Amino acid sequence: MYEKKEILEKAFGKHWNSGGEMLFQCPKCDHDKKKMSVNIDKNAFKCWVCGYSGNKISYLISKHAPEYYGEWSNIAEEVDLSKYEFIFDEPEELPDQVINLPQEFKTLTGPKTGDKTKALEYLYSRDITDLDILRWKIGFCDFGEYEGRVIIPSFNTKGQLNYFVARSYTDDWMKYKNPKASKDLVFNDLNIDWDDDIIIVEGAFDAIRHKNCIPILGSSLRENHKLFQKICRSKHQIFLALDEDAKNKEFYIAKKFREYGVACKSIPVSPYSDLAEMPRAEFLDRKQNADFITDLDYLEYKLDF
C-alpha cells in the first residue's frame with residue numbers, strides 16, 4: 001500500500017487524505033483544488049468537479065503519467081490482461097435520462113374550452129403569462145394518472161424530455177405528482193444561456209417567472225450532481241434565490257461552490273414565501289443589489305436563532 005501511495009504522489013503531486021481515499025489535483029480538468037479521489041482498495045478514481053472517473057488506477061497513470069506506469073505495474077496485482085481490453089479507453093459517459101410525457105398530455109394552445117380553461121386560470125392566478133406557457137411548453141392532463149394537473153416539461157440540450165413537474169390545479173391533497181425518474185439533471189437546460197447570469201431556485205414555478213433560473217426541485221445541490229458540476233465547469237458567478245425557510249440549504253450550497261472557486265450572491269425572498277410570489281420588477285431590483293454570501297453571513301444567521 002505504501003509503495004502505491006509513493007508512486008501516486010510522484011505521478012500526481014502531493015495529496016490530502018479523506019477517509020480511505022487520496023485527493024489529488026485532477027490531471028484532466030486541472031482544477032486548482034484537490035478534488036480527484038483515488039481509492040487504492042477499490043482500484044478506482046473520480047474527479048468531483050469534471051466527473052472524470054474509472055475503475056482502474058493503472059489507466060489513470062498510463063494516460064496522464066506514463067513514465068510511472070511500469071513502476072506501478074511491477075507492484076500491482078497480477079491480472080488476466082485478455083479480460084481488460086477496454087482499460088485504455090476513455091470512461092464511457094452515461095446517456096442522458098430520457099422519459100415520455102403522460103399519454104393524456106394536452107397542449108394549452110388553441111381554443112380555451114373545458115378543463116383547459118381551468119388549467120389556464122390556475123396558471124394566470126400565479127402570474128404565468130401566455131408567453132411563459134409557450135416558452136416552457138406547459139400542458140395539462142384532464143384525465144388519467146395526472147388528471148387535474150398542469151405539466152411543466154424539462155428538456156436537455158438535445159431537446160429530449162428528461163423530466164416533468166405535474167402540479168395540481170384542483171384541490172387534490174397531493175400538490176405535486178412527479179415521474180419516477182432521477183432529479184439529477186439540469187432542468188430545462190435547453191433554454192439556459194450559460195453566458196448570462198445563472199439563478200438557482202427551489203421549484204419550477206420559481207423558474208418560470210424569472211429569466212435564466214434553474215430549479216433544484218426542492219432537493220439540495222451536492223458535488224456529485226450534474227448541475228453542480230456544470231456550474232463549476234462554467235466558472236460563472238451564480239445567484240441563489242431559495243425559499244426563506246431554506247437558508248441553511250442556501251449557505252451549504254454557497255460554501256460548497258466557494259470551495260470550487262464559484263462565487264455566489266443571495267437574492268433575498270422574504271417576506272414572500274417563495275420566489276414565484278415575487279413581482280418580476282422587484283426580483284430584478286433585488287438581483288441588481290444582491291450581495292455575495294460569506295461565512296460571516298452564516299454565523300450572523302445562526303446567531304439570530
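What you see is a predicted model, and the numbers here were worked out from it, not measured in a lab.
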Sole candidate of N162, V186, N156 that passes side-chain contact (heavy atoms from CB on, under 4.5 Å) when paired with D96: N156
Option among I198, V201, I231 that satisfies the side-chain contact (heavy atoms from CB on, under 4.5 Å) test with I214: I198
Greater than 12 external heavy atoms within 6.0 Å of D171's CG: no
Close side-chain approach of L185 and Q97, heavy atoms under 4.5 Å: yes
Shared hydrophobic cluster for W136 and L190 (ILVMFWY, side-chain gaps under 4.5 Å): no
Ring-face cation of K34 near F24 (centre distance under 6.0 Å, axis angle within 45°): no
Beyond-backbone contact of I138 with I208, side-chain heavy atoms, under 4.5 angstrom: yes
Neighbour count >12 (heavy atoms, 6.0 Å) for atom NZ, K175: no
Polar contact flag, side-chain donor to acceptor under 3.5 angstrom, Y124-D130: yes
R222 CZ: over 12 foreign heavy atoms closer than 6.0 Å: no
Spacing of H225 atom NE2 and S220 atom OG [to the nearest 0.5 Å]: 7.0 Å
C141 and E147, any side-chain heavy atoms less than 4.5 Å apart: no
Crowding at NZ, K230 (>12 non-hydrogen neighbours, <6.0 Å): yes
Residues that K35 engages under side-chain contact (heavy atoms from CB on, under 4.5 Å), provided they are two or more places apart: K33, V49, E223, E259, Y260
Cation over ring face, R209 and F283, 6.0 Å, 45°: no
All side-chain contact (heavy atoms from CB on, under 4.5 Å) counterparts of Q25, not counting sequence neighbours: D30
E282 atom CD: more than 12 heavy-atom contacts under 6.0 Å: yes
From CD (E250) to OG (S266), nearest 0.5 Å: 3.5 Å
Nearest heavy atoms of L227 and W194, plus distance in Å: CD1-CH2, 4.1 Å
Closest heavy-atom pair and its distance - K63, Y52: CG-OH, 4.0 Å
Close side-chain approach of F12 and L60, heavy atoms under 4.5 Å: yes
Rounded distance [0.5 Å steps], CZ in R149 versus CG in D115: 13.5 Å
Step-by-step side-chain contact (heavy atoms from CB on, under 4.5 Å) determination, I216 to I200: CA-CA 7 Å; I216 56 176; I200 304 302; 3.6 Å; yes
Side-chain touch R286/P268, heavy atoms, less than 4.5 angstrom: yes
In one Ile/Leu/Val/Met/Phe/Trp/Tyr side-chain cluster, 4.5 Å: F251, F239: no
R126 to A276 - nearest heavy-atom pair and separation: NH2-CB, 3.8 Å
Shared hydrophobic cluster for I253 and I267 (ILVMFWY, side-chain gaps under 4.5 Å): no
K287/D197 under side-chain contact (heavy atoms from CB on, under 4.5 Å): CA gap, chis, key distance, verdict: CA-CA 10 Å; K287 178 175 176 285; D197 292 331; 2.8 Å; yes
Under 3.5 Å side-chain donor-acceptor pair for D189 and T157: no
V269 to D274 - nearest heavy-atom pair and separation: CG1-C, 3.5 Å
Where L161 and P153 come nearest, the two heavy atoms and their spacing: CD1-CB, 3.5 Å
ILVMFWY cluster, M22 and Y59 together (side-chain gap under 4.5 Å): yes
side-chain contact (heavy atoms from CB on, under 4.5 Å) between Y163 and N178, intermediate numbers included: CA-CA 8 Å; Y163 199 76; N178 300 332; 3.3 Å; yes
side-chain contact (heavy atoms from CB on, under 4.5 Å) evaluation trace for D196 with K211: CA-CA 10 Å; D196 199 354; K211 183 184 176 184; 3.4 Å; yes
Sub-4.5 Å side-chain heavy-atom contact between K255 and R258: yes
Side-chain H-bond candidate by donor/acceptor type, S37 with W48, under 3.5 Å: yes
Option from F105, F164, Y169, Y176 for which ring pair (Phe, Tyr, Trp, His ring centres under 6.0 Å) with Y146 holds: F164
Heavy-atom side-chain contact between K249 and L242 under 4.5 Å: yes
Minimum-distance pair of heavy atoms, taken over all atoms of K116 and T107: CE-O, 3.6 Å
CA sep, side-chain torsions, deciding dist, call: H64, F45, ring-ring contact (aromatic ring centres under 6.0 Å, His included): CA-CA 13 Å; H64 300 283; F45 65 92; 8.2 Å; no
CD (Q288) with more than 12 external heavy atoms under 6.0 Å: no
Under 3.5 Å: donor-acceptor pair, side chain of N289, backbone of D285: yes
Verify same cluster id: V165, F140 (apolar side-chain graph, 4.5 Å): yes
Rounded distance [0.5 Å steps], OH in Y252 versus CG in L240: 13.0 Å
From K137 atom NZ to N188 atom CG, the distance as rounded to the nearest 0.5 Å: 7.5 Å
Value rounded to 0.5 Å, distance of NZ in K46 from SG in C26: 12.0 Å
